[in-house]
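Since the structure is predicted, the reported quantities are computational estimates derived from the model, not experimental observations.
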Amino acid sequence: MTSLNRRKRERRDLHLLNEDGMVACNPRDREAAHRAQFEGIATENPQAVTCKKCLEAVLKG
């Protein structure tokens, strides 16, 4: 049996890091970028992104 916290972590969105190393959906928040990298939910691969806001940022840019 898995705990609720573990299940939530498994379903977390994968965020895109932009060229400045910031999360595309929240580019002004350095702490968000750090948390995403630390928790393993950040990527530089645009095809792997699952965060809706990050995908919108990819499509805009």
Exercise for the section: Please examine the side chains of I41 and D13, heavy atoms only from C-beta on, and report whether any two atoms are closer than 4.5 Å. Expected result: no

Residues at least two apart in sequence or cross-chain that pass side chain to side chain contact (heavy atoms under 4.5 Å, CB included) with A57, listed by chain then number, are A24

M22 and R30: CA distance, side-chain angles, deciding distance, side-chain contact (heavy atoms from CB on, under 4.5 Å) verdict:
CA-CA 7 Å; M22 304 299 276; R30 290 182 184 176; 3.4 Å; yes

Do any side-chain atoms of residues 45-56 form donor-acceptor pairs under 3.5 angstrom with protein atoms, and if so which ones, sequence neighbours left out?
residue: N45; atom: OD1; partner: Q47; partner atom: N; Å: 3.1
residue: T50; atom: OG1; partner: L14; partner atom: N; Å: 2.6

So the salt bridge (Lys or Arg N to Asp or Glu O under 4.0 Å) pairs with at least one residue in residues 14-23 (sequence neighbours excluded) are none

Sorted by chain and residue number, the side chain to side chain contact (heavy atoms under 4.5 Å, CB included) partners of E31 (sequence neighbours excluded) come out as D29, H34, R35

By side chain to side chain contact (heavy atoms under 4.5 Å, CB included), E44 pairs with (sequence neighbours left out) L17

Applying side-chain hydrogen bond (donor to acceptor under 3.5 Å, both in side chains) to Q37 and not counting sequence neighbours gives none

